[in-house]
Every structure is written in structure tokens, then in C-alpha cells.
Amino acid sequence: MKSSFFFLLIAALLLFFPATAQLPTLNSFTAANATVFIDFDGHYVSGTAWNMDGPINAAPAGYDAGVINEIFSRVAEDFRPFNLNITTDSTQYWLAPKNKRMRIIVTPTSQ
């Protein structure tokens, strides 16, 4: 009886709190005065000019750390000549001035 209860408890926890991989925290230039946040872990978007049809619940990208590192490296390399911090760290995004930050959501969600 105890083992079946324990199994049901674990199953319920996994259902409501699915395992998520730890995303790597990457920064290209922390001293920059502007930040571009590449968001791989999903985001709920509402109240913006470009989603007038309603909110968007963007699912996590689902990439492993190797793919995230590759994407980050390519974007950081492209923007290296500019005074920008390309980051995967939401803390760096929130610390940047509101008019000097941008969030890019990487998601499989298409609607």
C-alpha cells in the first residue's frame, strides 16, 4: 500500500513539475550598455503591439546545452562589433535599462 501511494505521489509530481534541463548562462560582453536576451525557456507574451489577436504562450525551445551554446556563439559573433551584451541570462536582461534591452524568444510555438 505504501509503495503504490509513493508511486502515485511521484507520478503526480512529475506531471505537475516536469523536469527541465538547466540552461547555460552565457554572456558576450557584460560591460555593454545594451542587452539582447536569447530566451530559450519559454515565455508568456501579452499586451504588445504585435500580438493583437491575444496572448502567446511560447513553449520552451527544448534544445540541449550544446545547441544553445552553438546558437549563442553565432549570434554573439555577429554582434561582436557593437556595444551589446548577448546573453541567455534573464537577470542581465532585467538589469539593463528598459530602452536598451531586447528579448528574443526561441520557441517551437507557431500560433
Side-chain angles (χ1 to χ4, degrees):
M1 180 71 173
K2 286 186 178 181
S3 63
S4 62
F5 174 75
F6 182 71
F7 176 75
L8 288 173
L9 177 63
I10 295 298
L13 287 173
L14 290 174
L15 179 65
F16 290 107
F17 301 105
T20 57
Q22 181 68 30
L23 296 175
T25 301
L26 305 167
N27 289 285
S28 64
F29 182 36
T30 55
N33 64 5
T35 299
V36 176
F37 171 42
I38 307 174
D39 187 350
F40 290 97
D41 63 358
H43 191 70
Y44 183 79
V45 182
S46 65
T48 66
W50 51 267
N51 68 323
M52 294 181 297
D53 294 335
I56 300 168
N57 192 10
Y63 295 138
D64 65 27
V67 173
I68 290 171
N69 278 311
E70 178 68 23
I71 292 169
F72 169 82
S73 294
R74 289 179 180 211
V75 174
E77 178 66 26
D78 287 345
F79 288 94
R80 186 152 293 145
F82 305 101
N83 189 17
L84 292 172
N85 181 28
I86 308 301
T87 186
T88 60
D89 183 4
S90 63
T91 304
Q92 293 296 319
Y93 171 78
W94 291 112
L95 289 174
K98 194 171 185 173
N99 65 341
K100 294 195 179 224
R101 66 183 185 205
M102 178 183 290
R103 178 189 300 258
I104 299 171
I105 303 168
V106 181
T107 181
T109 303
S110 62
Q111 63 274 20

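What's counted below: heavy atoms across the whole structure, side chains too, no hydrogens, waters or symmetry copies.
- Environment of CG in Asp53: sparse, with no more than 12 heavy atoms of neighbouring residues, nucleotides or ligands closer than 6.0 Å.
- Remark: the backbone N or O of Ala59 is paired with a side-chain donor or acceptor of Thr107 at under 3.5 angstrom.
- The closest donor-acceptor contact from the side chain of Ser46 to the backbone of Pro55 lies at 3.5 Å or more, if one exists at all.
- Ile38 and Leu95 fall into different hydrophobic clusters, defined by Ile, Leu, Val, Met, Phe, Trp and Tyr side-chain heavy atoms under 4.5 Å apart, directly or through other members.
- Partner Arg103 forms a salt bridge (charged side-chain N to carboxylate O under 4.0 Å, His left out) with one of Asp41, Asp89, Asp39 and no other, that one being Asp39.
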Evaluate the criterion salt bridge (Lys or Arg N to Asp or Glu O under 4.0 Å) for residue pair Glu77 and Arg74; output intermediate values, then yes/no.
CA-CA 5 Å; Glu77 178 66 26; Arg74 289 179 180 211; over 6 Å; no
Leu23 vs Thr88, test: side-chain contact (heavy atoms from CB on, under 4.5 Å). Steps then yes/no.
CA-CA 8 Å; Leu23 296 175; Thr88 60; 6.0 Å; no
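- Counting heavy atoms from C-beta outward, Trp94 and Arg101 have side chains that approach closer than 4.5 Å.
- Nearest heavy atom pair, residue Ala58 against residue Ile105, reads CB-CG2, 3.8 Å.
- The heavy-atom pair separating Asn85 from Ser28 by the smallest distance is OD1-N, 3.0 Å.
- When hydrophobic clusters are built by joining Ile, Leu, Val, Met, Phe, Trp and Tyr residues whose side-chain heavy atoms come closer than 4.5 Å, directly or via intermediates, Phe37 is not grouped with Met102.
- One finds the CD atom of Gln92 at 6.5 Å from the OG1 atom of Thr30 (value rounded to the nearest 0.5 Å).
- In this structure a side-chain-to-backbone donor-acceptor pair under 3.5 Å is present from Thr87 to Leu26.
- The side-chain heavy atoms of Ile68 and Ile71, taken from C-beta on, include no pair separated by under 4.5 Å.
- Under the side-chain hydrogen bond (donor to acceptor under 3.5 Å, both in side chains) criterion, Asn57 pairs with no residue, sequence neighbours left out.
- The minimum heavy-atom distance linking Pro81 with Asp78 is given by the pair CD-O, 3.7 Å.
- Counting only residues at least two apart or on different chains, no ring-ring contact (aromatic ring centres under 6.0 Å, His included) pair has a member in residues 72-92.
- In this structure, Tyr63 and Phe40 have perpendicular ring planes: the angle between them is above 60°, well past the 30° mark.
- Residues Asn83 and Phe29 share a closest heavy-atom pair of OD1-CE2, 3.1 Å.
- The CG atom of Leu84 sits 8.0 Å away from atom OG1 of Thr35, with the distance rounded to the nearest 0.5 Å.
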